[in-house]
Amino acid sequence: MSQIESAVQAEQWHKEPLAIVVIGASGDLAKKKTFPSLFNLWLSNLLPKNCAIYGYARSSMTDEAFRKKIFPFLAKNGDEQLVMAARRFLESLCFYGNGASYSDQESFARVKTHLDSWFEGKSYNKLFYFAIPPTAFGHATSAVHGVFYLSSGRKSSWLRIIVEKPFGRDLRSCLQLGEEMSSYFSENHLFRIDHYLGKEMVQNLLVFRFGNIYFEQLLNREKVARITISFKEDIGTQGRGGYFDNFGIIRDIIQNHLIQVLSLLTMEAPVRIDGKGAGKHIRDAKVALLKAIIPPSPDDCLLGQYRGYLDDETISNKQSACPTFAVIIMSINNPRWAGVPIVLKAGKALDERKVEISVQFKKPPAGAFLFGHEKGPLQNELVIRLQPNEAIYLKTNVKSPGFDSRPIQSELAISYHNQFKNFSTHGSNPDAYTRLIMSVLRNKQHEFVRSDELITSWEIFTPLLHAIEQNPKRFKPTIYEPGSQGPLEEDAFVQEKCGSIVDQIDAKMRSKIPSFLSRL
């Protein structure tokens, strides 16, 4: 029995009956993410023995038809044992019901009747997963509240709701959405999921920072020259252009995923990281950090759109100025980080798939004089690779081998795939959705976005987004070639905005893949 299996099975909720209702169960999110994650938890013995999973959507189909629709996403590799397990999981736990809408209380009541019968009239915990558009959140919340919450008599069992992004498209819509949901349920019922908070290396940030005295002492304005958090995809919208064109790269990636990573990387130490009250303390620290960020202006932003984006058949506006690439220069106005440029970068159809954090340190004082070299040693750089090939490495200056005494740069590195031999095996490195559903069941709220955190994030980005969208001709994105590194102006823009405290590093050196990663 694994350590996590022992810990979970000792917890009270695991001994109690559990109903999981996936609302929007016929959609892509449910098929590709939600049900495979629930299957992973079941395979690892992390779901209660007395558990039922109910899919609900507007499409009409039988239980058997629903199971056939989900099955291919559970047994992708064709492994015989996995195929047999997937069939057992679907046939013994999974059921389906449909209704006219997501506010159809009569249809939800039929789901409840089925579950009440399954659990033989006993009280049971309830987890609802909203795999539906934000426009339906209010309707579904009302139905869940009316059918499952009020009628339960508020017994000792709990009810929790997982909500998928996007959480609005600006501050106003975010507040409206929040008011709709909070009128039915308090904050402790709501778990706003950002799957980046479930990634191994993002979850590692707090341990890496506050569990290592040497790194925590380096992360401040005295030592750091620049922080860059970059998201790169080597694919375009691939038929999702109709959805993407309503949001753009800033809303889709920067306002949520990257700002979450930034807050964990730069916030002050919370009162507690684990144990009682940790969820509140960690999110308090994140909100305090976000409130210190100065909202960027359009002049702090470089936008791009890859050539061919408008050829996507799902995009109706063929004159769309929607950005598929953005670099935003930000600053944090607090004693730790004042004056340190923060670069958030995200783009589609680029030269590689990669998400990483780069903390570039200042040059050693008097380095050129000490070593008798025109430029002195190169700047140290801490890189945390979030995906793919999770790794942490520190670019460090060492002496050239042999008679040469000049400093050269190498890497002190930890590769998760090399260091932790079981990292890639089944169950050892669960995907983000599996981790986060498990965290909801265990009521670990710090891995989810709190309402004030969400509001503060929209306060940062809404002025920029409105300025760009109200002046599309002035802020028209630069066209860049698919498979490139993005707009040609990027390097000059970043250097101009970040100022002279950041030295330019040779482009070949910055793009070089560390030797230990190239072997993976």
Side-chain angles (χ1 to χ4, degrees), residues 169-172 174 221 224-232 244-263 265-266 289-307 309 319-334 337-348 350 357-360 455-480 484-505 507 510:
R169 64 189 317 277
D170 57 12
L171 179 59
R172 182 179 178 181
C174 166
R221 65 190 301 271
V224 175
R226 180 173 73 188
I227 293 173
T228 302
I229 304 176
S230 59
F231 169 99
K232 301 175 73 176
F244 184 86
D245 203 58
N246 289 319
F247 290 90
I249 198 71
I250 297 176
R251 288 187 179 91
D252 196 41
I253 302 297
I254 296 178
Q255 181 272 333
N256 41 71
H257 300 331
L258 299 196
I259 204 71
Q260 286 292 327
V261 174
L262 176 65
S263 63
L265 177 70
T266 57
L289 184 282
L290 292 173
K291 286 184 178 296
I293 293 178
I294 301 171
S297 73
D299 291 336
D300 300 317
C301 182
L302 174 67
L303 304 176
Q305 184 186 96
Y306 67 84
R307 191 180 304 279
Y309 166 73
Q319 304 298 318
S320 173
C322 176
T324 61
F325 177 98
V327 175
I328 301 177
I329 313 297
M330 308 177 74
S331 57
I332 301 172
N333 195 23
N334 67 14
W337 295 112
V340 177
I342 310 293
V343 182
L344 302 184
K345 169 184 172 181
K348 289 183 172 291
L350 298 175
I357 301 165
S358 165
V359 180
Q360 189 175 339
I455 290 167
T456 306
S457 176
W458 278 120
E459 287 174 342
I460 294 169
F461 288 100
T462 294
L464 172 66
L465 289 164
H466 284 182
I468 291 170
E469 290 164 354
Q470 290 167 7
N471 299 277
K473 291 184 178 179
R474 179 183 174 189
F475 302 113
K476 188 175 182 179
T478 301
I479 300 298
Y480 62 94
S484 69
Q485 294 185 5
L488 297 175
E489 302 91 335
E490 181 198 345
D491 286 345
F493 172 79
V494 172
Q495 182 64 9
E496 176 190 352
K497 293 295 180 179
C498 289
S500 59
I501 62 170
V502 178
D503 292 331
Q504 281 290 328
I505 293 180
R510 285 199 58 82

Chemist: Please round to the nearest 0.5 Å and tell me the distance separating atom CG of L465 and atom CD of Q470.
Modeler: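 Reported to 0.5 Å precision, the distance equals 10.5 Å.
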
Chemist: Taking atom CG of L258 and atom CD1 of I229, what is their separation to the nearest 0.5 Å?
Modeler: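 Atom-to-atom, L258:CG and I229:CD1 are 6.5 Å apart.
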
Chemist: From I468 CD1 over to C301 SG, what is the distance, rounded to the nearest 0.5 angstrom?
Modeler: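 Nearest 0.5 Å value for the CD1-SG distance: 4.5 Å.
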
Chemist: Please identify each residue that fulfils salt bridge (Lys or Arg N to Asp or Glu O under 4.0 Å) with K497, with sequence neighbours left out.
Modeler: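 Once residues adjacent in sequence are excluded, K497 has no partner under the salt bridge (Lys or Arg N to Asp or Glu O under 4.0 Å) criterion.
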
Chemist: Run the side-chain contact (heavy atoms from CB on, under 4.5 Å) check on L464 and D300 step by step: do they pass?
Modeler: CA-CA 9 Å; L464 172 66; D300 300 317; over 6 Å; no

Chemist: Which heavy-atom pair separates H466 from D170 by the least distance, and what is that distance?
Modeler: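 Heavy atoms only, the tightest pair is NE2-OD2, 3.1 Å.
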
Chemist: Kindly give the heavy-atom pair with the smallest separation between S331 and I342, and that separation in Å.
Modeler: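 Heavy atoms only, the tightest pair is CA-CG1, 4.4 Å.
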
Chemist: The test is side-chain contact (heavy atoms from CB on, under 4.5 Å); show your working for I254 and I259 and say whether it passes.
Modeler: CA-CA 6 Å; I254 296 178; I259 204 71; 5.9 Å; no

Chemist: Rounded to the nearest 0.5 Å, how far apart are NZ of K291 and CD1 of I332?
Modeler: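 Interatomic distance, K291 NZ to I332 CD1, rounded to 0.5 Å: 15.0 Å.
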
Chemist: With sequence neighbours left out, write down each residue that passes ring pair (Phe, Tyr, Trp, His ring centres under 6.0 Å) with F231, or none if nothing qualifies.
Modeler: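 In terms of ring pair (Phe, Tyr, Trp, His ring centres under 6.0 Å), with neighbours along the sequence ignored, F231 is linked to no residue.
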
Chemist: Given M330 and F461, is the side-chain contact (heavy atoms from CB on, under 4.5 Å) satisfied, shown in steps?
Modeler: CA-CA 11 Å; M330 308 177 74; F461 288 100; 4.1 Å; yes

Chemist: Look only at the side chain of E490 and the backbone of L302, and say whether a donor-acceptor pair between them is shorter than 3.5 Å.
Modeler: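 Here the side-chain-to-backbone pair does not exist.
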
Chemist: Just so I know, are the side chains of L262 and I293 near enough to count as touching, which here means a heavy-atom distance under 4.5 Å?
Modeler: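 Yes, close enough: below the 4.5 Å cut-off.
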
Chemist: Which atom pair, heavy atoms only, marks the closest approach of A467 to P298?
Modeler: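 Taking every non-hydrogen atom into account, CB-CG, 3.6 Å.
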
Chemist: Does the distance from a Lys or Arg side-chain N to an Asp or Glu carboxylate O, for E469 and R251, drop under 4.0 Å?
Modeler: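 Salt bridge present between E469 and R251.
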
Chemist: I want to check something: taking the side chain as every heavy atom from C-beta on, are F493 and V343 in contact at a cut-off of under 4.5 Å?
Modeler: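 Counting from C-beta outward, F493 and V343 never come under 4.5 Å.
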
Chemist: Please tell me if the side chains of C174 and I455 come closer than 4.5 Å, counting only heavy atoms from C-beta onward.
Modeler: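 Yes, at least one pair of side-chain atoms sits under 4.5 Å.
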
Chemist: Are the side chains of T478 and L488 in touch, meaning some heavy atoms are under 4.5 Å apart?
Modeler: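 No. Closest side-chain heavy atoms not under 4.5 Å.
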
Chemist: What residues form a salt bridge (Lys or Arg N to Asp or Glu O under 4.0 Å) with E459, not counting sequence neighbours?
Modeler: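 Expected list: none.
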
Chemist: Can you check whether K348 reaches Y309 side chain to side chain, under 4.5 Å on heavy atoms?
Modeler: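 Not in contact.
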
Chemist: Does any part of the side chain of L289, heavy atoms only, come nearer than 4.5 Å to the side chain of N334, both counted from C-beta?
Modeler: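 Yes, at least one pair of side-chain atoms sits under 4.5 Å.
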
Chemist: Taking only residues two or more places apart in sequence or in another chain, which ones pass salt bridge (Lys or Arg N to Asp or Glu O under 4.0 Å) with R307?
Modeler: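 With neighbours one apart ignored, the set is E481.
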
Chemist: For the side chain of W337 and the backbone of T266, is there at least one donor-acceptor N/O pair under 3.5 Å apart?
Modeler: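 Pair found, side chain donor or acceptor close to backbone of T266.
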
Chemist: How long is the straight-line distance from CD of Q485 back to NZ of K345, given to the nearest 0.5 Å?
Modeler: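 Between K345 NZ and Q485 CD, I get 6.5 Å after rounding to 0.5 Å.
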
Chemist: Could you tell me which non-hydrogen atom of C322 sits nearest to which non-hydrogen atom of G248, and how far apart they are?
Modeler: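 Between these two residues, the closest heavy atoms are SG-CA, 3.4 Å.
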
Chemist: Measure the shortest side-chain to side-chain distance between P341 and T228 over non-hydrogen atoms and say whether it is less than 4.5 angstrom.
Modeler: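 Side-chain contact under 4.5 Å: no.
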
Chemist: Drop me the distance from I227's CD1 to L344's CG, to the nearest 0.5 angstrom.
Modeler: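 Reported to 0.5 Å precision, the distance equals 9.5 Å.
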
Chemist: Return the set of residues passing ring pair (Phe, Tyr, Trp, His ring centres under 6.0 Å) with F325 (not counting sequence neighbours), or none when no residue passes.
Modeler: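 Partners of F325 under the ring pair (Phe, Tyr, Trp, His ring centres under 6.0 Å) test: Y480.
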
Chemist: Testing the basics here: between Q305 and T324, what is the closest heavy-atom pair and its distance to 0.1 Å?
Modeler: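 Scanning both residues, the minimum pair turns out to be CA-OG1, 3.2 Å.
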
Chemist: Any donor-acceptor pair under 3.5 Å linking the side chain of S457 with the backbone of Q255?
Modeler: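 Present.
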
Chemist: Could you tell me which non-hydrogen atom of R226 sits nearest to which non-hydrogen atom of V494, and how far apart they are?
Modeler: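 Between these two residues, the closest heavy atoms are NH1-CG1, 3.3 Å.
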
Chemist: Return the set of residues passing salt bridge (Lys or Arg N to Asp or Glu O under 4.0 Å) with D245 (not counting sequence neighbours), or none when no residue passes.
Modeler: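 Testing D245 for salt bridge (Lys or Arg N to Asp or Glu O under 4.0 Å), a comparison that skips the adjacent residues, returns none.
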
